[in-house]
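In what follows, a single structure is set out as structure tokens and then discussed.
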Amino acid sequence: MLQVGLIREHKAEVAERLALKGFTDKTLLDTVISDDDARRRLQSDNDALLARRNQASKEIGTLMSNGQKAEAKDLKAEVAILKNTVEANERRLAELEISIREGLQRIPNLPSPLVPPGIGADDNVEVRRGGAMPALPEGALPHWDLIRRHDLIDFETGVKLTGSGFPLYKGRGARLQRALIQYFLDANTAAGYTEYMPPYLVNEASAHSTGQLPDKEGQMYYMPADALYLIPTAEVPVTNIYRDEIVKESDLPIRMTAHSPCFRREAGSFGKEVRGLNRVHQFDKVEIVEIVHPDKSYEVLDRMVAHVEGLVAALGLPYRILRLCGGDMSFASALTYDFEVWSAAQGRWLEVSSVSNFEAFQTNRMKLRYRDAEGRIRLAHSLNGSALALPRIVAAILENYQMAEGIGLPAVLHSYMGSDRLV
RNA sequence: GGUGAGGUGGAUGAGUGGCUGAAAUCAGUAGUUUGCUAAACUGCCGUACGGGGAAACCUGUACCGCGGGUUCGAAUCCCGCCCUCACCGCCA
């Protein structure tokens with residue numbers, strides 16, 4: 001959520017930068033500003049009335065204790081009249097506050113000046129690529145065929161247990177999940193991230209502050225009996241650890257990592273895009289989250305990108321890093337880098353990580369602040385990234401490491417898998 | 001699930017209608033003193049939204065779990081809700 005002051009003071013620039021994200025509703029900006037103006041005026045007026053009421057109430061107390069009942073009665077009459085106006089003002093004030101907040105929640109984050117123009121995936125800018133393309137054996141198969149051949153995941157039984165998109169990992173397939181999770185967590189903690197294991201259900205307030213609510217309600221599984229949401233990513237509980245907190249400047253940066261299953265309804269997805277592990281309703285992901293000083297957030301973003309790059313490179317997968325264009329970025333992000341690995345047998349790039357700087361967009365909504373050296377309270381910046389999401393990594397490992405007979409493994413996973421081969 | 005107790009500032013915890021935005025202690029912070037460490041002493045030390053000011057700062061209002069009510073006036077009284085803790089039951 002943007003701050004009203006920013007919109008008010010730099011309206012033209014804000015509108016121009018939002019256009020890069022495809023947001024052109026200038027009327028909304030004007031409405032928010034005019035509502036805020038009205039709110040300020042009304043609060044000033046109303047505060048004056050309340051001040052008068054408080055003063056009169058004090059006088060009444062004094063008069064009563066002196067036995068001056070008649071004078072007290074006059075003052076009571078005055079306060080009674082004030083009361084109606086105050087009540088009306090407060091109702092109007094509450095309406096304005098809701099209207100401002102709802103307006104602000106519909107305005108996306110400002111893209112950073114580094115964001116390239118564009119409307120979709122084709123306009124993303126490739127920053128660099130790395131890793132060697134594999135030389136696949138004759139008759140190389142896509143991962144869904146390899147999975148079936150080696151009995152790594154039983155999709156059919158997953159359907160029986162739950163429904164489509166809920167894979168049942170089995171044998172070496174299950175072991176590979178555990179190995180990847182452990183490897184990623186080990187690498188992240190070695191890089192200085194503190195490991196957390198969060199709840200997988202969150203309440204409405206948590207879903208709100210990271211921006212899943214109100215818009216993306218349909219993407220989350222909801223448990224109406226308890227008003228709880230299954231998390232779509234560990235970002236939600238982990239970032240919310242510091243909701244409504246004022247931390248010390250010296251506590252920054254706060255660097256956290258967590259593994260969690262991620263639950264996504266993915267309503268409306270279908271076809272080839274969702275085949276095999278390309279898109280599922282439940283998957284595992286290790287996330288990194290940082291809460292940092294605003295002056296440092298872009299430096300930190302670069303460091304997070306370098307860290308994730310290290311993970312992908314260590315897995316020996318061909319990858320490329322994209323800087324997302326305005327039209328392809330998420331609502332909350334100011335700058336996002338996507339990581340894609342090459343799925344050799346499918347012949348396509350698969351997104352395995354998205355690393356974003358949200359600047360103060362999330363922290364404003366969740367009131368996550370720090371106290372600076374002068375004692376002033378300022379919004380911190382938040383960032384997060386996948387390090388990494390498992391299913392497409394698994395797809396790429398299977399396809400890229402397939403051999404004439406069996407499937408190999410990246411060296412970093414050998415100790416976790418108890419073997420230098422998957423099968 | 002049952003019974004009981006309770007939700008006050010970073011923490012502990014006082015406060016049953018106006019003198020309370022809130023005692024005291026601890027923590028934090030700035031300083032003084034002492035040869036160092038430590039201790040002692042002194043000052044400061046909640047948040048939000050307004051108004052004024054270049055700023056330091058001054059000032060108004062709101063907030064004592066949340067929402068309503070009573071009252072000239074509510075942390076304090078009344079109603080509803082939420083949550084926490086303890087014990088019992090059940091259970092991994």
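What's counted below: heavy atoms across the whole structure, side chains too, no hydrogens, waters or symmetry copies. Letters go in sequence order (proteins before strands), and every chain restarts at 1.
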Between protein and nucleic acid, restricted to nucleotides 42-48 of chain B and to nitrogen or oxygen atoms under 3.5 Å apart, what atom pairs and distances do you find?
from: B:rU47; atom 1: OP1; to: A:R371; atom 2: NH1; distance (Å): 2.7
from: B:rU47; atom 1: OP1; to: A:R371; atom 2: NH2; distance (Å): 3.0
from: B:rU47; atom 1: O3'; to: A:R369; atom 2: NH1; distance (Å): 3.3
from: B:rA48; atom 1: OP1; to: A:R369; atom 2: NH1; distance (Å): 2.6

Can you tabulate the close N/O pairs, meaning under 3.5 Å, that link protein atoms to atoms of nucleotides 73-75 of chain B?
from: B:rG73; atom 1: O4'; to: A:S57; atom 2: OG; distance (Å): 3.3

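The partner of B:rA23 is absent, by the rule that a Watson-Crick or G-U pair needs both atom distances under 3.5 Å. Pairing for B:rU84 goes to B:rA5, judged as Watson-Crick or G-U wobble with the two contacts each under 3.5 Å.
Distance noted for atom P between B:rG13 and B:rU29: 24 Å (whole Å). Comparing the same atom, C1', in B:rG46 and in B:rG10 gives a spacing of 9 Å after rounding to whole Å. Of the P atoms belonging to B:rC63 and B:rG2, the separation is 35 Å, rounded to the nearest Å. Straight-line distance between the C1' atoms of B:rC49 and B:rC41: roughly 39 Å, to the nearest whole Å. Distance check on atom C1': B:rA22 versus B:rG15 gives 8 Å, rounded to whole Å.
In this structure, A:F361 and A:F331 have perpendicular ring planes: the angle between them is above 60°, well past the 30° mark. In this structure, A:Y229 and A:Y222 have tilted ring planes: the angle between them lies in the 30° to 60° band.
For the residue pair A:Y193/A:E290, the side-chain donor-acceptor check at 3.5 Å is satisfied.
Distances shorter than 4.0 Å separate some side-chain N or O of A:R39 from OP1 or OP2 on B:rG50.
Residues passing the ring pair (Phe, Tyr, Trp, His ring centres under 6.0 Å) test with A:F166 are A:H281, sequence neighbours excluded.
Among the atoms of the strands shown, only primed sugar atoms or phosphate atoms (P, OP1, OP2) are found under 4.0 Å from some heavy atom of A:L50.
Using a 4.5 Å heavy-atom threshold, the side chains of A:P294 and A:L379 count as separate.
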